[in-house]
Every structure is written in C-alpha cells, then in structure tokens.
Enquirer: 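Below you will find the structure I want to go over with you.
Both ligands and their constituent atoms are indexed starting at 1 by order of listing. By convention here, the first residue in the shown sequence is residue 1. When reading the values below, keep in mind they use all heavy atoms of this one structure, side chains included, and skip hydrogens, waters and symmetry mates.
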Amino acid sequence: MRASAIVYTSATGFTAQYATLLHHQTGLPVCRLEDTGRLPRNTPVLYLGWLRAGRIMGLKKARAQLAVAGVCAVGLSPAADQEKLSRDNRLEQVPLFYLRGGYAPARVRGINKMMMAAMEKVLSGKSDPQSRSALDAVRQGADWVSQDQLEPVLDWLDG
Ligand SMILES: Cc1cc2nc3c(=O)[nH]c(=O)nc-3n(C[C@H](O)[C@H](O)[C@H](O)COP(=O)(O)O)c2cc1C
C-alpha cells in the first residue's frame, strides 16, 4: 500500500462518501483532517479534498502536517483538466485523481453559499450544454458518487 491512512475534508458529504468507500475497500483507517492529531507527522496518506473555485480544500494544511502521497479532488464537473489542477494546487509529482462528487444545495452554507450564488448567476447567462447541466445541478442538486470512479485510485494504492 502506498498510503497508511485516508484523510479527507468534506463540506457537504460527497468527499466523505468516497473516503468511506475507500476505507471499506482497503481496510485503511480513515479520518477527517481536523482529527489527524494522533497520526505521526510522517504518515503517508491519501488525501481527499473537495474543490472550491479550483482549489483542493484542506490540501495545504494536510501537506504541512502529513506526508501526502496521493490526492483525490472531488468536484461537480464531469471531468477535470488534471494538469491544470495539479499546477494550480502545486502538487508537482504527487499523483492526482479527479472524482465527480455531487452538489447538495441544502447543505451548502455561509461563504460557500454566497460564492455559489455568484456562480449560478454566471451559469444562467450561458447556453452551452455543459453550463446548462451545471446550472441544473446547482439548482436541483445531484449525486454522481460511484464506486467505478475509484478504480484508478485503488490500482495506485495497490502499486
Ligand atoms: C463555493 C463552491 C465552489 C465550487 N467550485 C468548484 C470547482 O471549482 N470545480 C468543481 O468541479 N466543483 C466545484 N464545486 C462543487 C463541489 O466541489 C462539489 O459539490 C463537491 O462534491 C463537494 O464535496 P463535499 O460534499 O465533500 O463538500 C464548488 C462548490 C462550491 C460550494
């Protein structure tokens, strides 16, 4: 195993679902980033964080505290430009996986809700199919969490 624990940050639960699925499949311990106090500093971990405006939430803190060996970014887009995501989040050689999570409007709070209201406005002015489907998800909610998406992550963990 390339990691000895799974650590995550989740605001509305989709990243937590992926972390739990990985825990069940690998038997690796799982915990939220705020609860990693008992993990030794050099523990190699797989870190999962949700995406906010292209940033992987909690990643900086995770890298300051633990040996982040691999990263999963969870977002609502159908796919991500992995190279850009890696560059924008300064991952350098750390392997990155994109997982499509979901969107739960009722669970989005505070600053996140305000940011998304601005995004909704931008999306409602667009007519391309991708923006239309993103707008539907933002308004009605969506859940794309699937076991299949974890296959590359499980292969990497096993390597
Ligand atoms: C303020 C805000 C900004 C977001 N920015 C992005 C983004 O840049 N790219 C993306 O794919 N998803 C984006 N999302 C969608 C979330 O990443 C998505 O809902 C994710 O599944 C949330 O995970 P969680 O349930 O673990 O918090 C954004 C959501 C919010 C509320």
Enquirer: So if I count the atoms of ligand 1 from 1 in the order they appear, which ones are less than 4.0 Å from some heavy atom of Gly13?
Expert: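 Matching atoms, with element in brackets: 24 (P), 25 (O), 26 (O).
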Enquirer: If you take the nearest heavy atom of each of Leu99, Val138, Leu51, which one is closest to atom 13 (C) of ligand 1?
Expert: Leu51
Enquirer: So which atom in Trp156 and which in Pro95 form the shortest heavy-atom distance, rounded to 0.1 Å?
Expert: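 Heavy atoms of Trp156 and Pro95 come nearest at NE1-CG, 3.5 Å.
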Enquirer: Report, in ascending order of atom number, the atoms of ligand 1 lying under 4.0 Å from any heavy atom of Gly75.
Expert: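 So the atoms of ligand 1 that pass are 10 (C), 11 (O), 12 (N), 17 (O).
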Enquirer: For ligand 1, which atoms have a heavy atom of Gly54 less than 4.0 angstrom away?
Expert: 7 (C), 8 (O)
Enquirer: Short question: side chain of Gln149, backbone of Arg100 - any donor-acceptor pair under 3.5 Å?
Expert: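 Yes; at least one donor-acceptor contact below 3.5 Å.
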Enquirer: Within a radius of less than 6.0 Å around CE of Met115, do more than 12 heavy atoms belonging to other residues, nucleotides or ligands occur?
Expert: yes
Enquirer: So which heavy atom in the protein is nearest atom 30 (C) of ligand 1, and how far is it from that ligand atom?
Expert: Met116 SD, 3.6 Å
Enquirer: With a cutoff of 4.0 Å, is Tyr98 in contact with ligand 1, counting heavy atoms of the residue only?
Expert: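 Within the 4.0 Å threshold, so yes.
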Enquirer: Any idea which protein heavy atom is nearest atom 3 (C) of ligand 1, and the distance to it?
Expert: Arg52 CG, 3.5 Å
Enquirer: Taking Asp143 for its side chain and Val145 for its backbone only, find out whether a donor-acceptor pair lies under 3.5 Å.
Expert: yes
Enquirer: Do any nitrogen or oxygen atoms of Val74 come within less than 3.5 Å of a nitrogen or oxygen of ligand 1?
Expert: yes
Enquirer: Report the residue from Leu99, Val74, Leu76 that forms a side chain to side chain contact (heavy atoms under 4.5 Å, CB included) with Trp144.
Expert: Leu76
Enquirer: So for ligand 1, is Ser10 a polar contact partner (N or O within less than 3.5 Å, distance only)?
Expert: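 Between Ser10 and ligand 1, an N or O pair is found under 3.5 Å apart.
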Enquirer: Nearest protein heavy-atom contact for atom 25 (O) of ligand 1: which residue, which atom, what distance?
Expert: Thr12 OG1, 2.4 Å
Enquirer: Between Tyr103 and ligand 1, does any nitrogen or oxygen pair lie at a separation below 3.5 Å?
Expert: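 Among all N and O atoms of Tyr103, none is under 3.5 Å from an N or O of ligand 1.
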Enquirer: Measuring from atom 12 (N) of ligand 1, which candidate in Leu76, Asn112, Leu48 has the nearest non-hydrogen atom?
Expert: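 Minimum heavy-atom distance to atom 12 (N) of ligand 1 goes to Leu76.
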Enquirer: If you compare all heavy atoms of Leu150 against all heavy atoms of Gln25, which two are closest, and at what distance to 0.1 Å?
Expert: CD1-OE1, 4.4 Å
Enquirer: How far is atom 22 (C) of ligand 1 from the closest protein heavy atom, and which atom is that?
Expert: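 Here the nearest protein heavy atom works out to Trp50 CB, 3.8 Å.
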Enquirer: Using modelled atom types only, decide if a donor and an acceptor are shared between the side chain of Tyr98 and the backbone of Ser77 within a distance under 3.5 Å.
Expert: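 It does hold such a pair.
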Enquirer: Enumerate the atoms of ligand 1 whose separation from the nearest heavy atom of Ala11 is less than 4.0 angstrom.
Expert: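 Within the 4.0 Å cut-off of Ala11, ligand 1 contributes 24 (P), 26 (O), 27 (O).
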Enquirer: Just checking, is any N or O donor in the side chain of Tyr47 or Thr9 under 3.5 Å from an acceptor N or O on the other one?
Expert: yes
Enquirer: Return the CD to CZ distance between Glu151 and Phe97, rounded to the nearest 0.5 Å.
Expert: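 Glu151 atom CD to Phe97 atom CZ measures 12.0 Å (nearest 0.5 Å).
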Enquirer: Could an N or O of ligand 1 be found under 3.5 Å from any N or O of Ala53, whether backbone or side chain?
Expert: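 Yes, since at least one N or O of Ala53 sits under 3.5 Å from an N or O of ligand 1.
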Enquirer: What heavy-atom pair brings Pro105 and Arg139 nearest, and what distance separates the two atoms?
Expert: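 Result for this residue pair: CG-O, 4.0 Å.
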Enquirer: So if I count the atoms of ligand 1 from 1 in the order they appear, which ones are less than 4.0 Å from some heavy atom of Ser77?
Expert: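 Heavy-atom distances to Ser77 below 4.0 Å select 10 (C), 11 (O).
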Enquirer: Which of the numbered atoms in ligand 1 are below 4.0 angstrom from a heavy atom of Thr15?
Expert: 23 (O), 24 (P), 26 (O)
Enquirer: Looking only at protein heavy atoms, which one is nearest to atom 18 (C) of ligand 1, and how far off is it?
Expert: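 Closest protein heavy atom to atom 18 (C) of ligand 1: Gly102 O, 3.1 Å.
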Enquirer: Distance-only, no hydrogens or angles: does the Thr43 side chain make a donor-acceptor pair with backbone N or O of Pro40 under 3.5 Å?
Expert: yes
